[in-house]
Amino acid sequence: MICHNWNGFRRELAEYMAEHQIPENEFRFLGIYEWQNIYNKILNRFVDGKYALGHGLHWANIEDGFKKDIDSIYDFAYQHKDSYKWLEKLPNIVKSDKVYLLLEDGERQYSKYWIAECIPSVVHLVINDTYLSEDYYITDKKFNWLITENHHEIVHIIGKGLDRKTIETVVFSKSATAFIRH
């Protein structure tokens, strides 16, 4: 159901989900009382405390403001236009039934996040077919790991619980150059 009070990106995405018959149990935006809790948990788990207080998730993603004691699985940059295809295989990487997807609304002066609970196979549709900004974040519901991409086309995969060999097979076959952060 499309809420006519929504505008901009959230409304476009709701219309996309309806048009492609993607049910709410596969993609749903979190409510006003849910999203802030999820955002704060991500900040507390992954972003350096001093950095997060002044800058939040957006700048941590650009200026390496993540906690230094978080395991880095991979950082990589794209080399060509088909680089986004790895997202189609996200279910093979994350092996989760549901994830949280944070989409940054770049139309605002300050970062606003639309947060959805969704199945991993829907993520590539959202990112590749509808999403206007390139800053997005994906985490499992237990906040073990975080996958981010910023508008410089740098992807960070941090945390625990994802298989390095699977990531290498899916992501690095031909689409990206890896550089591991230590």
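Residue indices begin at 1 and follow the sequence shown.
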Side chain to side chain donor-acceptor pair (under 3.5 Å) partners for [X], two or more places apart:
X      : value
Asn40  : Gln36
Lys141 : Glu117
Thr166 : Asp163
Asn144 : Asp140

Over all atoms of both residues, closest heavy-atom pair of [X] and [Y]:
X      : Y      : answer
Lys160 : Trp145 : O-CD1, 3.4 Å
Phe143 : Thr139 : CA-OG1, 3.6 Å
Gly159 : Phe46  : CA-CE2, 4.4 Å
Arg45  : Ile70  : NH1-CD1, 2.9 Å
Met17  : Val126 : CE-CG2, 3.4 Å
Lys98  : Asn25  : NZ-O, 2.8 Å

Lys95, NZ: over 12 other non-hydrogen atoms inside 6.0 angstrom: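 Yes, enclosed.
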First locate atom [atom1] of [X], then atom [atom2] of [Y], and finally report the distance between them rounded to the nearest 0.5 Å.
X      : Y      : atom1 : atom2 : value
Ile138 : Ile93  : CD1   : CD1   : 8.5 Å
Ile157 : Leu162 : CD1   : CG    : 7.0 Å
Glu88  : Asn128 : CD    : CG    : 6.5 Å
Ile42  : Asn37  : CD1   : CG    : 10.0 Å
Glu104 : Asn150 : CD    : CG    : 9.5 Å
Ile147 : Tyr137 : CD1   : OH    : 13.5 Å

Quick one, Leu125 with Ile22, criterion side-chain contact (heavy atoms from CB on, under 4.5 Å). Give me CA distance, side-chain angles, the key distance, then yes/no. CA-CA 10 Å; Leu125 297 173; Ile22 298 171; 3.9 Å; yes
May I ask you to decide if the ring planes of His156 and Phe66 are parallel, tilted or perpendicular, using 30° and 60° as cut-offs?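 Judged by the thresholds at 30° and 60°, the geometry between His156 and Phe66 is perpendicular.
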side-chain contact (heavy atoms from CB on, under 4.5 Å) for Ile127 and Leu103? Distances and angles first, verdict last. CA-CA 9 Å; Ile127 302 301; Leu103 303 168; 3.9 Å; yes
Are Glu168 and Arg164 within salt-bridge range, i.e. N to O under 4.0 Å?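 Judged by the 4.0 Å cut-off on N to carboxylate O distance, Glu168 and Arg164 do not form a salt bridge.
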Side-chain contact test, heavy atoms from C-beta onward, threshold under 4.5 Å: evaluate it for Ile38 versus Tyr113 and give yes or no.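 No, side chains not in contact.
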For Glu34, salt bridge (Lys or Arg N to Asp or Glu O under 4.0 Å) partners two or more places apart: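 If we apply the salt bridge (Lys or Arg N to Asp or Glu O under 4.0 Å) test to Glu34, skipping adjacent residues, the hits are Arg28.
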side-chain contact (heavy atoms from CB on, under 4.5 Å) involving Pro120 - partner list, sequence neighbours excluded: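 Counting only residues at least two positions away or on another chain, Pro120 forms a side-chain contact (heavy atoms from CB on, under 4.5 Å) with Leu90, Pro91, Val94, Val99.
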Quick check: does any side chain N or O of Lys89 sit under 3.5 Å from a backbone N or O of Ile167, one acting as donor and the other as acceptor?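 The answer is no, because no donor-acceptor pair under 3.5 Å joins these two groups.
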